[in-house]
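Taking it in order: structure first as structure tokens, then the write-up.
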Amino acid sequence: MAARAGLTTERLTRAGADLADEVGFDQVTASELARRFDVKVASLYSHVKNTHDLKTRIALLALEELADRAADAVAGRAGKDALTAFANVYRDFAREHPGRAAATRMPLDPETAAASAGVRHAQMTRAILRGYDLTEPDQTHAVRLLGSVFHGYVSLELAGGFSHSAPDSQETWTRTMDALDALLRNWPSPPTR
């Protein structure tokens, strides 16, 4: 049956990512994916080990897709222009692919994480931050701040949190980028002990 259905690991992973965008990453299961292909769950197991393996593969695919978009967006840019392009990629990706965006936050084991495109995300963030002359440990603090702001803002926006009052969300997003740029240019000195 699997051969007739044309199942491959890649095809199942992409279909799983599409399913995540449709129903939410938390709702993705091997059995739901098997229903989509009109095959028995056992037919999937020669391509994916189980639901966790499927979700891990979706996470890796989503990280790769997002890294490719981010790399294209920041190429040739620096400073606030690079920061804004990078942030917009994350926001647009989450709007277009909410399930994939959720998958990018799936905890991965250290070996899988180290081999994933998550490393490229960190490298791009650090490259952007070099334009702000941040050194360690402040660079790591800034990476975490940016990730928190991007994820938090987009999560609240997608949940409708900003749709009930003026100004509109785009205006706030633009001002948030202005504020992040100003903060990064004027990063506070560490406290003296």
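It should be emphasised that the depicted structure is a prediction, and the values quoted were computed from it without experimental measurement.
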**Request:** Please assess F25 against H97 for the test ring pair (Phe, Tyr, Trp, His ring centres under 6.0 Å), listing each intermediate value before the final yes or no.
**Result:** CA-CA 10 Å; F25 184 63; H97 300 290; over 10 Å; no
**Request:** Measure across L54 and T13 and return the closest heavy-atom pair with its distance rounded to 0.1 Å.
**Result:** CD1-CA, 4.4 Å
**Complete:** All heavy atoms of G6 vs all of R11, minimum pair found to be O-NH1, 3.2 Å
**Message:** Is there a path of hydrophobic side-chain contacts, each under 4.5 Å between heavy atoms of I/L/V/M/F/W/Y residues, joining V23 to I58?
**Reply:** yes
**Request:** Find out whether L180 and L145 are in side-chain contact, i.e. whether some heavy atom of one side chain is under 4.5 Å from a heavy atom of the other.
**Result:** yes
**Any T172 side-chain heavy atom under 4.5 Å of F162 side chain** = no
**Request:** Measure the CZ-CG distance between R91 and L158 for me, rounded to the nearest 0.5 Å.
**Result:** 9.0 Å
**Prompt:** With no hydrogens and no angle check, is any side-chain donor or acceptor of D21 less than 3.5 Å from a backbone partner on R100?
**Reply:** yes
**Message:** Regarding D133 and W187, do their side chains bring together a donor and an acceptor under 3.5 Å, going by distance alone?
**Reply:** no
**Asked** To the nearest 0.5 Å, what is the distance between CG (L156) and NE2 (H151)?
**Response** 8.5 Å
**Check against side-chain contact (heavy atoms from CB on, under 4.5 Å), D138 and L129** = CA-CA 10 Å; D138 290 330; L129 291 174; over 6 Å; no
**Message:** Around atom CZ of R105, are there more than 12 heavy atoms from other residues, nucleotides or ligands closer than 6.0 Å?
**Reply:** yes
**Message:** Under a 3.5 Å distance rule, please check whether T112 uses its side chain to pair with a backbone N or O of L108 as donor and acceptor.
**Reply:** no
**Request:** Pick out which of L63, D68, L66 makes a side chain to side chain contact (heavy atoms under 4.5 Å, CB included) with R120.
**Result:** D68
**Message:** Using the rule given for side-chain contact (heavy atoms from CB on, under 4.5 Å), can you reason through V28 versus L33, listing the C-alpha separation, both sets of side-chain angles and the distance that settles it, and then say yes or no?
**Reply:** CA-CA 7 Å; V28 172; L33 194 58; 5.9 Å; no
**Request:** Mind checking the CG-CE spacing from L60 to M106? Nearest 0.5 Å is all I need.
**Result:** 8.5 Å
**Prompt:** Does a side chain donor of either R126 or T140 reach within less than 3.5 Å of an acceptor in the other side chain?
**Reply:** yes
**Item:** Flag, side chain of R77 to backbone of A73, donor-acceptor distance under 3.5 Å
**Value:** yes
**Prompt:** Which pair of heavy atoms, one from Y132 and one from G79, lies closest together, and at what distance?
**Reply:** OH-C, 3.4 Å
**Request:** Examine distances only and state if a side-chain atom of T51 and a backbone atom of A30 form a donor-acceptor pair shorter than 3.5 Å.
**Result:** yes
**Prompt:** Does S163 use its side chain to pair, donor to acceptor, with the backbone of G160 at less than 3.5 Å?
**Reply:** yes
**Prompt:** Do R69 and E65 meet the salt-bridge criterion of a basic N to acidic O distance under 4.0 Å?
**Reply:** no
**Message:** Less than 3.5 Å apart, any donor N or O on the side chain of R175 or Q170 sitting next to an acceptor on the other?
**Reply:** no
**Message:** How long is the straight-line distance from CG of L7 back to CG of L12, given to the nearest 0.5 Å?
**Reply:** 5.0 Å
**Message:** Strictly below 4.0 Å, N to O, side chains only: are R14 and E10 in salt-bridge contact?
**Reply:** yes
**Asked** Is the Y90 to H121 ring centre distance short of 6.0 Å?
**Response** yes
**Asked** Can you list the steps and then say if K80 with D178 is a salt bridge (charged side-chain N to carboxylate O under 4.0 Å, His left out)?
**Response** CA-CA 8 Å; K80 183 182 175 194; D178 293 342; 2.4 Å; yes
**Step-by-step side-chain contact (heavy atoms from CB on, under 4.5 Å) determination, Q139 to T135** = CA-CA 5 Å; Q139 196 177 86; T135 58; over 6 Å; no
**Prompt:** For the side chain of S148 and the backbone of R144, is there at least one donor-acceptor N/O pair under 3.5 Å apart?
**Reply:** yes
**Message:** Are F93 and V154 packed together at the side-chain level, in the sense that at least one heavy-atom pair is separated by less than 4.5 angstrom?
**Reply:** no
**Message:** So which atom in E171 and which in P167 form the shortest heavy-atom distance, rounded to 0.1 Å?
**Reply:** OE1-CB, 3.3 Å
**Prompt:** Is the shortest heavy-atom distance from the side chain of S169 to the side chain of Y153 under 4.5 Å?
**Reply:** yes
**Message:** For P188 versus L183, what's the shortest heavy-atom pair and its separation?
**Reply:** CD-CD1, 4.2 Å
**Asked** Are side-chain N/O atoms of T56 and D53 paired as donor and acceptor at under 3.5 Å?
**Response** no
**N/O donor-acceptor pair under 3.5 Å between T9 side chain and H47 backbone** = yes
**Item:** Validation row: Q27, E22 side chains within 4.5 angstrom (heavy atoms)
**Value:** no
**Fill in**
Rounded to the nearest 0.5 Å, the OG1 atom of T174 sits from the CG atom of D168 at a distance of 8.5 Å
**Message:** Using side-chain heavy atoms (C-beta onward) and a distance below 4.5 Å, is V41 in contact with T29?
**Reply:** no
**Item:** Note, W173 side chain near N88 side chain (heavy atom, < 4.5 Å)
**Value:** yes
**Message:** If you count heavy atoms of other groups shown closer than 6.0 angstrom to CD of E136, is the number above 12?
**Reply:** yes
**Request:** Could you tell me whether the side chains of N50 and Y45 share a donor-acceptor contact shorter than 3.5 Å?
**Result:** no
**Message:** Would the distance check show the side chain of T84 and the main-chain N or O of D81 forming a donor-acceptor pair, the cut-off being under 3.5 Å?
**Reply:** no
**Minimum heavy-atom distance between A82 and V74, given as atom pair plus value** = O-CG1, 3.7 Å
